[in-house]
Every structure is written in structure tokens, then in C-alpha cells.
Amino acid sequence: MENVAIARVLAEIGDLLEIRGDNPFKIRAYRNAAQVVRDCGERVAGLAAADLRALPGIGKDIAARVLELAETGGSAFHRELAAAFPAGLLDVLRLQGVGPKTTALLYKELHVGSVAQLTQALDSGAVRGVKGMGPGKEAALRKAIEDHQSFAGRYLASEVWQQAHAVLAHLSAACPDATFDLVGSLRRGAETCGDLDILATDAGPEVMQHFTSFARVERVLGQGPTKSSVRLGKGLQADLRLVPAQSRGAALQYFTGSKAHNIELRDRAVRQGLKLNEYGLFRLEDDTRVAGETEASIYEALGLAWIAPELREQRGEFEAASAGRLPVLIERADLRGDLHCHTTATDGKDTIRAMAQAAQEIGLTYLAITDHSQALAMANGLDERRALAHAAAIRALNDELDGITLLAGIECDIRADGTMDLADDCLAQLDVVVASVHSALSQEPERMTDRVLRALECPWVDILGHPTARMLLRRDASGLDVEAVISQAARLGVALEINGQPHRRDLHDAHARLARDRGVKIVISSDAHGVAGFTHLHWATCTARRAWLTPQDVLTCLPLEALRAALRRHRRDA
DNA sequence: GCCGTTTTCGGCCCGACTGTTTTCAGTCG
């Protein structure tokens with residue numbers, strides 16, 4: 001059983017306990033454990049009880065449930081809880097504005113067990129007969145159902161980024177003296193976002209009116225003097241909070257999250273006789289402000305170094321910050337080259353020359369052209385003859401370029417049986433080979449793993465591209481045993497890619513961190529299919545930072561000659 | 001249900017907004 005599947009069951013136990021009205025701290029414990037499992041780089045299904053219990057937030061009971069899930073694929077406790085309520089009740093719980101109390105009330109009073117039954121209860125007028133349900137609630141429920149049907153609920157970070165900048169441009173024009181910060185999951189560099197969070201300082205309450213009257217606002221969900229929420233196009237919810245300038249640091253900290261990080265930080269404050277909220281850090285005894293104008297002042301007052309937003313996921317950042325062992329995280333500007341992109345030779349939109357110029361303009365000093373191999377017929381993939389001719393053209397262009405060096409590479413398909421799509425003597429003549437899986441994605445986990453392990457045996461494979469082939473919000477990762485692949489990559493000196501396409505972000509952060517810990521080098525790639533695609537390096541860097549990576553962990557931070565020497569084909573220690 | 005440099009028992013983050021309440025509960029982040 002994969003981590004995401006185990007995490008799903010644990011989270012659902014939390015939801016069901018909540019409807020049942022159970023101890024809120026028990027509910028939190030299950031949700032917290034679900035997050036820990038989801039973020040764990042290793043497969044928790046493969047861990048022994050003692051190792052499970054070593055994970056933060058997993059104690060005796062939850063460890064036993066995880067073991068049971070790993071062994072049997074199910075949990076008796078989960079089945080028992082689920083049997084007590086209709087399956088559709090969890091959908092009711094997830095409606096906007098509907099919490100556990102309302103869900104339980106509707107179920108108890110009206111036997112509402114699904115969104116469809118809630119619609120019926122609204123239409124029949126039964127809802128308004130329930131105590132506490134007025135016309136306002138009734139209308140809110142109808143809107144929530146409407147939203148539930150039209151919005152899936154999560155958005156790619158890159159989509160939210162675009163909307164965010166449109167909102168910021170509008171607000172900045174309306175309130176030129178105000179300061180606006182993007183906070184929430186977007187600031188943490190997350191892969192997907194549930195909403196968009198914006199913080200305003202140095203602004204009057206009229207900023208709320210400007211916000212809710214923005215042209216792209218489809219619905220105002222709430223408006224007050226310091227907090228407003230709106231629904232933008234495609235259903236994305238955006239929240240704006242206004243705080244005084246002296247609280248900007250505290251509010252940045254608070255609204256950036258994550259929730260788990262904030263709970264721990266507040267807990268630390270309480271243990272030191274302090275109280276932390278979005279307005280500042282205060283002494284409990286007399287409410288004296290201790291810090292709040294900057295984020296760093298808050299962390300410092302709590303005995304911690306400032307923690308980069310990407311690390312705020314309660315994955316060991318507090319221990320590192322208090323011990324002075326936080327990593328100096330990689331930044332986009334540390335990247336000296338890109339080893340994965342496409343041109344018009346296959347499915348790219350721009351020529352070799354245009355790609356080279358675009359890469360140079362963003363500060364790169366080398367670029368590997370890695371078009372597709374023949375198996376990707378749909379993309380006009382290259383056979384051996386075309387691949388070598390393409391390589392010759394790439395190298396010839398180097399004579400005309402100044403300030404950037406092109407490498408002749410290929411993104412070679414890994415066939416369903418694990419053999420490479422191009423002959424060894426062809427691959428040997430190239431400067432760099434990225435091996436990737438593009439087909440037969442539904443293979444059984446064992447077969448998929450064997451396939452990739454076999455591909456890595458090919459001595460000319462330097463990099464494994466987008467290892468799990470997942471597509472965020474579209475399809476799950478393949479059944480690949482990533483830990484086994486990491487071990488093989490470490491043994492053979494193959495680098496693993498963090499692919500920056502916004503819907504890939506593959507490897508994801510937890511696996512990239514594990515790979516680094518096991519001695520595997522990482523490559524940060526754009527997989528650009530046109531000059532605009534180099535912006536993907538930003539998203540790959542976000543993932544690398546969330547994986548705690550430093551420039552020393554990433555091959556593409558090396559200058560060209562050192563990079564060449566570090567590629568698997570040239571490694572002396574391999 | 002988890003956890004421990006005050007603790008193996010007794011805690012566990014905190015404030016804004018909404019709708020239904022005539023003083024507050026529920027939800028959200």
C-alpha cells in the first residue's frame with residue numbers, strides 16, 4: 001500500500017470521528033499522522049513497528065493501524081466507523097461552510113447521507129424546519145452544492161500564481177502605498193493550492209472594497225474590515241487579510257503556514273510564556289509585544305533561526321533551526337544549466353538556436369537539447385540516424401554561440417520491457433542521455449519497477465527523467481518502487497531529475513530529499529517545449545527547496561566542465 | 001491519540017466572519 005493510500009484512510013478516520021463528535025485532539029492526531037505519512041519519503045508500509053513509532057505524531061495506536069493497513073490493505077477501525085454512516089456523508093462534510101456539527105445535525109434530523117439527499121431536503125423545505133437553519137444557511141448550502149459540482153477544489157500552483165499576479169496588479173494600482181504579500185501554500189512553493197492567500201499592510205479598510213470589486217471576482221463570500229474572501233474564475237477562492245504594519249512579520253508567518261508548522265510554533269511560544277497570533281508575539285502575563293514586525297524577529301525571539309517558507313511543513317525544520325543546522329537552500333540563480341528540453345525536431349515549438357538564446361537570457365551557461373526518441377512516434381521521435389544528425393547540428397551551432405554551450409542529448413524512452421529505445425552505440429555518441437517512461441504507465445508495480453531498474457543498468461543513461469510519470473490533478477504516479485530506484489541510482493551513479501513542468505514536479509519533494517540522503521545527485525530540469533518553458537525551472541526549484549536541497553546536491557549548479565565529469569558516463573568512481 | 005528539559009497525566013493554537021442566536025455556535029484558515 002502506498003503512502004498516499006494509507007494517508008487517505010487515516011484522514012478519513014479523522015473525518016468520521018469528527019462527524020461522530022469525538023475528542024477533537026484525537027481527530028487532530030489522525031489528521032496529523034495522515035500528513036506525516038503523506039510526507040514520508042520512505043514507504044511506511046515497509047517499516048517495522050519501532051520505525052513507525054519513531055515518526056513524529058505516530059504512537060502506539062496509529063502505528064498498529066498503519067501496520068494493519070500495510071498487511072491487509074484495510075483497517076477494522078476504519079470499516080467500523082464507515083459502517084456507522086452512509087458513504088456519501090463525507091461529501092456533505094466537505095461542502096464549503098458545512099462542518100462536522102452541521103453534517104451530524106442534518107444526518108440525525110433529516111437522514112441526509114449524501115449531497116444528492118441534501119439537495120432533496122432543501123427542495124422539499126425540510127432543511128428550514130431544523131433548529132438553527134435559517135434562510136441564510138439554506139442559501140449557503142445551495143451555493144456550496146453548486147460549487148461542489150463545478151469545482152474540483154485544487155489548482156496547480158502555476159495557475160494560482162497567474163491569478164495572484166492579476167489580483168496584485170489590481171490592488172497595487174488601487175492602493176499604491178500599500179504592501180501586498182502572497183502567503184499560504186503558494187509562498188511555501190507547494191505543488192497545488194486549495195486557495196490564494198494575500199496579506200495587505202499599510203492600507204486602509206477601503207482595500208477590501210477594491211478587492212471584492214475586482215473584475216475577475218465572481219462571488220463575494222465574505223467581507224469585513226480586516227478579512228474578505230472571494231471566488232475568482234474557475235472557482236478559485238482568494239482571501240485578503242489586512243493587518244497593521246507593525247504586525248506584518250507576524251501575519252506573514254501566520255498566514256504562510258503550514259498549519260502543522262504554526263501549531264508547533266505556537267506551542268513553543270506557550271512553553272516560553274508567550275502568545276503568538278497574527279498580530280505579534282506577546283508575553284502572556286502582561287500582553288507586552290516581544291516581536292512581530294518581521295518574521296525573523298519572531299523566530300529569533302523563540303530561539304530559532306528564520307525558517308524558509310518551503311521548509312515549514314513540520315518535517316524537522318524546528319530541530320534544525322534550534323540547532324543552527326538549517327540548509328542554505330538552493331535558489332533559481334544557483335542553476336547554471338538545464339539538461340532537458342525539446343525543439344522543433346520533435347514536439348518542441350522553437351528551434352535549437354531560439355532555445356539556446358532564451359536559456360542564455362535567463363542566465364544559463366549550458367543547455368542540453370534532449371529531443372524524444374523514436375518510440376514517441378506521436379512526437380516525431382528520433383531514430384538513431386536522425387538522433388546523430390541532430391547531435392551534429394547542435395554541436396555545429398556551438399561554433400556560432402557565445403556565452404552558452406549546447407550539449408547534444410536525447411530523452412530516450414524506456415520501453416515496456418526496460419530496454420532502451422535507441423541502440424547503445426548511438427547513446428554512447430551523445431553528451432547526455434535522459435531516460436524516461438512515457439508509455440505502458442499502468443503496468444503492475446513490480447513490472448514497472450523491474451523495467452526502470454533494468455533501464456538504469458544501461459551504462460549510457462545519465463539521468464532518470466520524471467521518474468514516477470505522475471500528472472498532478474490528472475493521474476497518479478506509476479506503481480514504481482521509488483526507494484528501490486533510489487538505491488539503484490546511488491549504486492550506479494545515475495542522477496534523478498526534478499522535472500519542473502507544473503503538472504509534473506517529479507520527483508516530488510519527499511522522494512528528492514530521500515534520494516539526496518542516500519547519496520543520489522539531483523538534476524533540476526525545465527523540460528521546456530518552447531522558450532516560454534524555461535519558467536519551469538522556478539517550479540523545479542520550489543520542489544528542490546521543499547526537499548531541503550542545497551546547490552551542492554544539484555548537478556546543474558556545477559560549471560560545465562565539472563558537470564561533464566560528474567555525469568555517469570564520465571564518473572571515475574562508478 | 002500523542003507527548004514530555006516543569007509533566008507518564010493532563011494538557012493539546014487562536015482569531016475573524018456569518019447567521020442565528022438576544023450573547024453565541026459553527027466554520028474556516
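In the text below, chain A, chain B and the rest are named by the order of the sequence lines, each starting its count at 1.
Nearest nucleotide to the A:Gln96 side chain, out of B:dC28, B:dT20, B:dG26: B:dC28. Distances from the side chain of A:Lys137 to the nucleotides B:dG19, B:dG29, B:dC12 place B:dG19 closest. In the set B:dT27, B:dG15, B:dG29, the nucleotide with an atom closest to the side chain of A:Lys101 is B:dT27. The listed nucleotides are B:dA16, B:dT20, B:dC13; the one nearest the side chain of A:Arg266 is B:dC13. When distances are taken from the side chain of A:Thr102 to each of B:dG26, B:dC13, B:dT20, the shortest belongs to B:dG26. Distances were taken from every side-chain heavy atom of A:Ile62 (C-beta onward) to each of B:dC2, B:dG19, B:dG29; the shortest belongs to B:dC2. Distances from the side chain of A:Tyr279 to the nucleotides B:dG29, B:dC14, B:dG15 place B:dG15 closest. Candidate nucleotides B:dC13, B:dG26, B:dG1 were compared by shortest atom distance to the side chain of A:Val270, and B:dC13 ranks first. Ranking B:dG15, B:dT20, B:dC13 by closeness to the A:Arg28 side chain, first place goes to B:dC13.
Checked by distance alone, A:Tyr254 brings a side-chain donor or acceptor within 3.5 Å of a matching partner on the base of B:dG29. Contact of A:Asn23 with B:dG1 (side chain to base): a donor-acceptor pair of N or O atoms is detected under 3.5 Å.
Between the side chains of A:Gln253 and A:Asn262, at least one donor N or O lies within less than 3.5 Å of an accepting N or O. With hydrogens and angles left out, the side-chain atoms of A:Glu300 and A:Trp306 include no donor and acceptor closer than 3.5 Å. Judged by distance alone, the side chains of A:Arg65 and A:Tyr30 do bring a donor and an acceptor atom under 3.5 Å apart. Side-chain polar atoms of A:Glu313 and A:His261 form no donor-acceptor pair below 3.5 angstrom.
A:Leu105 comes within 4.0 angstrom of nothing in the nucleic acid, heavy atoms only. Heavy atoms of A:Ile58 sit under 4.0 angstrom from primed sugar atoms or phosphate atoms, though from no base atom. A:Pro24 comes within contact range of no nucleotide atom at all, as no heavy-atom separation falls under 4.0 Å. Contacts of A:Lys60 with the nucleic acid, taken as non-hydrogen atoms under 4.0 Å apart, involve only primed sugar atoms and P, OP1 or OP2.
Two residues, A:Arg271 and A:Pro135, neighbour DNA chain B, and the one matched to the more 5' nucleotide by heavy-atom proximity is A:Arg271. Closest-nucleotide positions on DNA chain B for A:Lys26 and A:Thr226 were compared, and the one nearer the 5' end corresponds to A:Lys26.
Using a 4.0 Å cut-off between charged side-chain N and carboxylate O, A:Glu317 and A:Arg312 make no salt bridge.
OP1 or OP2 of B:dG15 has at least one side-chain nitrogen or oxygen of A:Asn277 nearer than 4.0 Å. For the OP1/OP2 pair of B:dG1 and a distance below 4.0 Å, the side-chain nitrogens and oxygens of A:Arg65 include at least one atom meeting the criterion.
Aromatic pair A:His170/A:Phe211: centroids not less than 6.0 angstrom apart.
Taking atom C1' on both nucleotides, B:dT21 is separated from B:dT27 by 16 Å, rounded to a whole Å. Across B:dG11 and B:dA16, the matching C1' atoms stand 26 Å from one another, rounded to whole Å. The P atoms of B:dT20 and B:dG15 are separated by 26 Å, rounded to the nearest whole Å. Comparing the same atom, C1', in B:dG1 and in B:dT5 gives a spacing of 24 Å after rounding to whole Å. Comparing the P positions of B:dT22 and B:dC17 gives a spacing of 22 Å, expressed to the nearest Å. Using atom P as the reference point in both B:dG19 and B:dC13, the two lie 29 Å apart (nearest Å). For the P atoms, the distance from B:dC2 to B:dT6 is 24 Å, rounded to whole Å.
Within the shown strands, B:dG11 is the pairing partner of B:dC2 under the Watson-Crick or G-U definition, both distances less than 3.5 Å.
The distance between atom CG of A:Leu240 and atom C1' of B:dC17, rounded to the nearest whole Å, is 14 Å. In this structure, the CD atom of A:Gln35 is 17 Å from the C1' atom of B:dG1, given to the nearest Å. The CZ-C1' distance, from A:Arg154 to B:dG29, rounds to 13 Å in whole Å. When the C1' atom of B:dC13 is taken as reference, atom CZ of A:Phe318 falls 12 Å away, rounded to whole Å. As a whole-Å value, the separation of A:Phe255 CZ from B:dC14 P is 15 Å. Remark: P of B:dT27 and NZ of A:Lys143 are 18 Å apart, rounded to the nearest angstrom. Taking atom CG on A:Asp287 and atom P on B:dC14, their separation rounds to 12 Å, with Å as the unit. Here the C1' atom of nucleotide B:dC2 and the OH atom of A:Tyr30 are 11 Å apart, to the nearest Å.
Taken from CZ in A:Arg505 to CZ in A:Arg470, the straight-line distance is 8.0 Å, to the nearest 0.5 Å.
A donor-acceptor contact shorter than 3.5 Å is absent between the side chain of A:Asp509 and the backbone of A:Ala512.
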